Amino acid sequence: MAHPESSGAQLLESSDIDEGSVDSAFEQDSTNIRNGLIKVSLQEAIELAGILVQTQFGDLNEAKHFEGFLDVAVYLPPEYVEVKGAERMILDKWKTMTGITWEQGKKMFVNRVRGSSTYGLKYFSVNEIKLQILKLPILKFERLLGISKSKVVIMDVRCKKVLSQFPFEKFGGSEVSPHSICLNFNGDSYSFETEEAKEISELLMELKVPS
């Protein structure tokens, strides 16, 4: 069974948006951000939430827009809803959006999302395996492995920081077992434990074949 992270953004990597498609792109991207299908850092999530609030309510009015006004679950990915001070951070970001119109806000939101290094990735939950010298225990780190037609990204599962990123053309192949996969990027190898090794390998091979 695929992990929730594997839903990804369905490899929606194209960022070419014309005037007529801004509305649909805004709806799609805002839904995927709020549902956690596009992975972003807390800082990015707060900025995007500030834009969303501006498009919904217009300029912040401190007489009525104060803490308790926003339901942060409507604007943030699930993993950040319980972050202490999240609403205050959104309000502060919202204040910086003063003067931005509905149309400008939609375009800004789409540009921010599609300009992110994590946009367009299909995600897999993995444990990165790091061997140590001598007889020390093997180290395992929980990661998100993101794959698109242009790059492969290794992310911290909690803060969504990109730890390593490789252009897809550097992908040199993989070694697969039922519960693990080793990826090679021009001589640099990365090993992962995962129940989705087969799915990862199949996706990489599919994207590697010239269209």
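Fair warning: this is a prediction, and the values are worked out from it, not measured in the lab. All values below were derived from every heavy atom in this structure, side-chain atoms included, with hydrogens, water molecules and symmetry-related copies excluded.
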With a 3.5 Å cut-off and no angle check, do the side chains of [X] and [Y] form a donor-acceptor pair?
X      : Y      : value
Glu27  : Ser24  : no
Ser180 : Ser177 : yes
Glu195 : His179 : yes

Indicate yes or no for a side-chain donor-acceptor contact from [X] to the backbone of [Y] under 3.5 Å, with no hydrogens or angles considered.
X      : Y      : answer
Lys151 : Ser117 : yes
Tyr119 : Lys39  : no
Gln54  : Thr101 : no
Glu87  : Leu70  : yes
Lys208 : Phe171 : yes
Asn35  : Leu37  : no
Glu193 : Glu128 : no

Heavy-atom closest pair, residues [X] and [Y]:
X      : Y      : answer
Ile46  : Lys93  : O-CG, 3.8 Å
Arg34  : Leu52  : NH1-CD1, 3.9 Å
Ser174 : Leu183 : CB-CD2, 3.7 Å
Ile200 : Val126 : CD1-CG1, 4.1 Å
Glu79  : Val83  : O-CG2, 4.4 Å
Tyr80  : Cys159 : OH-O, 3.8 Å

Just jot down the side-chain hydrogen bond (donor to acceptor under 3.5 Å, both in side chains) partners of Glu142, sequence neighbours excluded, or say none.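 side-chain hydrogen bond (donor to acceptor under 3.5 Å, both in side chains) check on Glu142 returns nothing, list empty.
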
Partners of Glu169 by side-chain hydrogen bond (donor to acceptor under 3.5 Å, both in side chains), sequence neighbours excluded?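 With sequence neighbours excluded, Glu169 shows a side-chain hydrogen bond (donor to acceptor under 3.5 Å, both in side chains) to no residue whatsoever.
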
Stepwise side-chain contact (heavy atoms from CB on, under 4.5 Å) check, Leu145 with Val153: CA-CA 6 Å; Leu145 181 66; Val153 172; over 6 Å; no

Should [X] and [Y] count as side-chain neighbours, where that means a heavy-atom distance under 4.5 Å?
X      : Y      : value
Ile138 : Lys130 : no
Phe192 : Ile154 : yes
Gln43  : Met89  : no
Ser201 : Ile181 : yes
Met108 : Ile100 : yes
Lys107 : Val22  : yes
Phe109 : Thr55  : no

Using side-chain contact (heavy atoms from CB on, under 4.5 Å), reason through Ile147 and Leu121 one step at a time and then give a plain yes or no. CA-CA 5 Å; Ile147 300 171; Leu121 299 172; 5.7 Å; no

Give me the ring orientation class for His65 and Phe69: parallel if the planes are under 30° apart, tilted from 30 to 60°, perpendicular past 60°.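 Plane angle between 30° and 60°, so tilted.
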
Euclidean distance, [Y] [atom2] relative to [X] [atom1], rounded to 0.5 Å:
X      : Y      : atom1 : atom2 : result
Ser30  : Leu48  : OG    : CG    : 10.0 Å
Thr194 : Arg143 : OG1   : CZ    : 14.5 Å
Glu196 : Ser125 : CD    : OG    : 6.5 Å
Met155 : Ser164 : CE    : OG    : 12.0 Å
Ile38  : Ile33  : CD1   : CD1   : 4.5 Å

Trp94 and Tyr75: aromatic ring centres closer than 6.0 Å?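 So the answer is no for these two rings.
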
Is the gap between the ring centers of Tyr190 and Phe166 under 6.0 Å?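 Under 6.0 Å, so yes.
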
Does the pair Lys160/Asp156 count as a salt bridge with the N-to-O cut at 4.0 Å?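 Salt bridge flag = no for Asp156 with Lys160.
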
One thing to verify: whether Arg112 and Glu47 come together as a salt bridge, which I'm taking to mean a side-chain N less than 4.0 angstrom from a carboxylate O.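 Looking at Glu47 and Arg112, the cut-off is met.
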
Applying the 4.5 Å side-chain criterion to the ILVMFWY set and letting contacts propagate, would [X] and [Y] be lumped into a single cluster?
X      : Y      : answer
Leu163 : Phe185 : no
Leu91  : Val74  : yes
Val72  : Phe57  : yes
Ile90  : Phe66  : no

Glu67 atom CD, neighbour heavy-atom count above 12 within 6.0 Å: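 Enclosed.
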
List for me each residue that meets salt bridge (charged side-chain N to carboxylate O under 4.0 Å, His left out) alongside Glu103, sequence neighbours excluded, and say none if there are none.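 Testing Glu103 for salt bridge (charged side-chain N to carboxylate O under 4.0 Å, His left out), a comparison that skips the adjacent residues, returns Lys106.
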
Please assess Ile129 against Phe141 for the test side-chain contact (heavy atoms from CB on, under 4.5 Å), listing each intermediate value before the final yes or no. CA-CA 7 Å; Ile129 301 171; Phe141 301 92; over 6 Å; no

Could you go through Glu44 and Ser116, starting from their C-alpha distance and side-chain angles, then the distance that decides it, and tell me whether this counts as side-chain contact (heavy atoms from CB on, under 4.5 Å)? CA-CA 9 Å; Glu44 290 172 316; Ser116 170; 3.7 Å; yes

What verdict does the ring pair (Phe, Tyr, Trp, His ring centres under 6.0 Å) test give for Phe26 and Trp102, after you've listed the backbone C-alpha separation in whole Å, the side-chain angles of each residue and the deciding distance to 0.1 Å? CA-CA 11 Å; Phe26 175 74; Trp102 160 246; 5.8 Å; yes

